Amino acid sequence: MAETREGTVTVSSGGYEVTARVVVSDRTVGVSYDTPVDIYVEHDGDSVSLDHGSVVVTDSAGQDLWAGDSGLTEIAEGHYRATPRIQNGTPIGDYTVSFVAFVGVDGARGPVLVRIGATDLVTFKVRYVSELKLVSRSSSLPTGATTTLAGTLMLRTRDAAGNYPRTPATGTLVEIAFDPEGSAARRTVGTAKVTSTGYFRLDTPVTATGIWYASYAGTETQHPVTAKTAQTARPHTHAIHQGSAGRTVNGAAAGIRVTTTDVVTTLTPQVVRVDFGLTTQSSLLSTSGLHLKGRRGEGKYPNGRYFGGTHKTNADSSAGYISVTMDGMTPPGVYDAGGLLVISSCTRPESSSGDCGRRQVEINDGTITTLTVKRATKTSISASSTSFTGARTVTLKGSVQKLQPVSATKAGYRASANTPVKLYWDPSGATGPQFKKTVYTNTSGAWTAKYRTSLSGRWIAEYPGAALSASSKSAVTITVK
């Protein structure tokens, strides 16, 4: 996040007015690289061209930088550039830019060679390098779930030997912001403090798809920096469940958060995803530790169904997921999400070679969180008349069907006897649904009720669901003229 600095100077010569705008950006030390200085010339003639010119950059100790090409070259008409070089080991602080340029201006007053320049026209800063990394654990989650935004902030300062070692920015605050897709503005969600190992984290809800930003404001001697990472928020219609597990062994801390949602199975197989994200400065080593284990047996799964899966992880193995397939033959009930996980955790600041004193920590927890699997149901409703004049008694009818196994290998919808159905009347307007009564299906899974109706609106029939069956509802619209 280099700030751009500008300065302008204007001269009049030969009947022309010429303005030069000098642009340069803040820089860092630690390596040698060019420092572009751009000069943009505006004038009231017809054309302008560079005859010759030069740029001098003076460091905070008063020394001029002559290394590199400090002569001006033409990039485009009216745009000129010099590239003096910031050397490794040059002092930090305020640097100034001076220049002189001879430009040929042509127009109604004829050609004129104009000299323009200034001493110490622009001041820019040279500071030490700041290294900021950011990841979202996990980068794809159901909307409303909590993620851990984590990263490292390391500072480089010059030591007595002339080197620039990496040092944790202990105690420094990193600002976390989120920029959602669309027209909504970026907003700050919180701050995170850097630990003695250079690590920071912030737990925050995932509200939308967008970009997370972590920003370090910098100091007079340390360069400001911003890092970003993408976030996907997956839409869902069922309850979210999250749980965490952690363990510390010989100074190595390991933690993991597991995220699931409830499932409603249908005749069509569906992929169910279980997300995980490490909450410590670590990475996952095991490749098949996370699993789902059903608590209830049924059919060919008398002890409850077990789902294992190969982990799909991100680049640094700090987050990922497993996916399993469920269908109408999947036993409903509560499933435990847990596993035997081996995590490689850091115990000290990461060196330039990537070494952070990693140690293996084992987490063995069969129930980090749970999800509930229910089979789908179908509730229907119809009316004896849907459009009439004046008040009329309307006969409402419907049925309830539940998904269930019909053989050892096949599931289907079957009539559900003695099943409660709640009836709601939702009149046109903003009143909202009003509960009227509960009816029950007969042995054929059908129900009936009669109501006198004098207003337009909707009748809603809802099966509220049970431990193993999902709720369902449908509606019929009544128009009273």
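Values in this document were obtained by computation on a predicted structure and should not be read as measured data. These values consider heavy atoms only, across backbone and side chains, with no hydrogens, waters or symmetry-generated copies. Throughout, residue positions are numbered sequentially from 1 according to the sequence presented.
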Next on the checklist: Set out, in order, the CA-CA distance, both residues' side-chain angles and the distance that settles side chain to side chain contact (heavy atoms under 4.5 Å, CB included) for Val97 and Phe124, then state yes or no.
Outcome noted: CA-CA 8 Å; Val97 177; Phe124 67 96; 3.6 Å; yes

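- Counted by atom type alone, Arg27 and Thr90 present zero donor-acceptor pairs between their side chains at under 3.5 Å.
- Proximity of a side-chain donor or acceptor of Ser407 to a complementary backbone N or O of Lys410 within less than 3.5 Å is detected.
- Here the closest non-hydrogen pair linking Thr147 and Ser136 is OG1-OG, 3.3 Å.
- Between Val263 and Tyr335, every side-chain heavy-atom pair lies at or beyond the 4.5 Å cut-off.
- Put simply, CZ on Arg358 and SG on Cys346 are 4.0 Å apart, with the number rounded to the nearest 0.5 Å.
- Rounding to the nearest 0.5 Å places OH of Tyr424 at 12.5 Å from CD1 of Ile381.
- Partner of Asp262 under the side chain to side chain donor-acceptor pair (under 3.5 Å) criterion, out of His241, His238, Lys374: His241 alone.
- Side-chain polar atoms of Thr226 and Ser215 form a donor-acceptor pair below 3.5 angstrom.
- Side-chain contact check for Val29 versus Ile92: some heavy-atom pair is nearer than 4.5 Å.
- Checked by atom type and distance alone, the side chain of Thr73 pairs as donor or acceptor with a backbone atom of Arg81 at under 3.5 Å.
- With salt bridges taken as basic N to acidic carboxylate O contacts below 4.0 Å, one links Asp275 and Arg234.
- A salt bridge does not link Arg305 to Glu298: none of the charged side-chain nitrogens sits closer than 4.0 Å to a carboxylate oxygen.
- Within the 4.5 Å cutoff, side-chain heavy atoms of Ile39 are placed close to those of Phe99.
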Next on the checklist: Let's go through Tyr164 and Thr167 carefully: what are the C-alpha distance in whole Å and the side-chain angles of both, what is the deciding distance for side chain to side chain contact (heavy atoms under 4.5 Å, CB included) to 0.1 Å, and is it a yes or a no?
Outcome noted: CA-CA 9 Å; Tyr164 294 86; Thr167 304; over 6 Å; no

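- Closest of all the heavy-atom pairs between Val258 and Val274 is CG1-CG1, 3.6 Å.
- Between the OG1 atom of Thr310 and the CG atom of Leu290 there is a distance of 11.5 Å, given to the nearest 0.5 Å.
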Item to check | Full working for side chain to side chain contact (heavy atoms under 4.5 Å, CB included) between Leu134 and Phe200 | outcome: CA-CA 9 Å; Leu134 176 68; Phe200 64 87; 4.2 Å; yes

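- With a 4.5 Å cut-off on side-chain heavy atoms, Tyr80 and Val48 count as touching.
- The shortest heavy-atom contact between Asp26 and Arg127 is OD2-NH2, 3.2 Å.
- Under the 30°/60° scheme for interplanar angles, the aromatic rings of Phe178 and Trp212 are found to be tilted.
- Residue-environment remark: CD (Glu74) exceeds the threshold of 12 foreign heavy atoms within 6.0 Å.
- Taking the side chain as every heavy atom from C-beta outward, Val194 and Thr170 never approach each other to under 4.5 Å.
- Put simply, the side chain of Arg375 gets close to the backbone of Gly328: a donor and an acceptor are under 3.5 Å apart.
- With no hydrogens or angles considered, no side-chain donor-acceptor pair links Thr83 and Asp34 at under 3.5 Å.
- Note that CD of Gln242 and OG1 of Thr370 are 12.0 Å apart. Values are rounded to the nearest 0.5 Å.
- Across every non-hydrogen atom of Gly366 and Asp336, the tightest pair is O-CB, 3.4 Å.
- Side-chain atoms of Asp327 come within 3.5 Å of backbone N or O of Met329 as a donor-acceptor pair.
- Lys473 places none of its side-chain heavy atoms less than 4.5 Å from the side chain of Lys422.
- Side-chain contact between Asp355 and Arg348 is present, with heavy atoms from C-beta onward closer than 4.5 Å.
- Residues Tyr463 and Ser469 meet the side-chain proximity criterion, which asks for heavy atoms closer than 4.5 Å.
- Defined by atom type and a distance below 3.5 Å, a donor-acceptor pair is present between the side-chain atoms of Thr377 and Ser472.
- For the atom pair CD1 of Ile343 and OG of Ser283, the computed distance is 9.0 Å after rounding to the nearest 0.5 Å.
- Thr204 places no side-chain N or O within donor-acceptor distance of the main-chain N or O of Leu202, the cut-off being under 3.5 Å.
- One N or O on the side chain of Gln231 and one on the backbone of Ser139 form a donor-acceptor pair closer than 3.5 Å.
- Using a 4.0 Å cut-off between charged side-chain N and carboxylate O, Arg257 and Asp203 make a salt bridge.
- When atom types are taken as modelled, the side chain of Arg137 and the backbone of Leu278 share a donor-acceptor pair closer than 3.5 angstrom.
- In this structure, Arg273 forms a cation-pi arrangement with Tyr321, its terminal cationic atom sitting closer than 6.0 Å to the ring centre and no more than 45° off the ring axis.
- The existence of a salt bridge linking Glu131 and Lys133 is excluded, since no basic side-chain nitrogen approaches an acidic carboxylate oxygen closer than 4.0 Å.
- Scanning both residues, Tyr199 and Gln281, for their nearest heavy atoms gives CB-OE1, 3.2 Å.
- Counted by atom type alone, Ser380 and Ser474 present zero donor-acceptor pairs between their side chains at under 3.5 Å.
- Not a single donor-acceptor pair under 3.5 Å links the side chain of His223 to the backbone N or O of Gly218.
- Atoms CG and OG1, on Asp64 and Thr58 in that order, are 4.0 Å from each other to the nearest 0.5 Å.
- Remark: the backbone N or O of Gly357 is paired with a side-chain donor or acceptor of Thr347 at under 3.5 angstrom.
- Using a distance-only test at 3.5 Å, with no hydrogens or angles considered, no donor-acceptor pair links the side chain of Thr379 to the main chain of Val400.
- Across all non-hydrogen atoms, the minimal contact from Gly246 to Ile363 is CA-CD1, 3.9 Å.
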Next on the checklist: One pair to check against side chain to side chain contact (heavy atoms under 4.5 Å, CB included): Thr369 and Thr259. What are the steps and the verdict?
Outcome noted: CA-CA 7 Å; Thr369 191; Thr259 304; over 6 Å; no

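- Arg458 CZ: 12 or fewer foreign heavy atoms inside a 6.0 Å radius.
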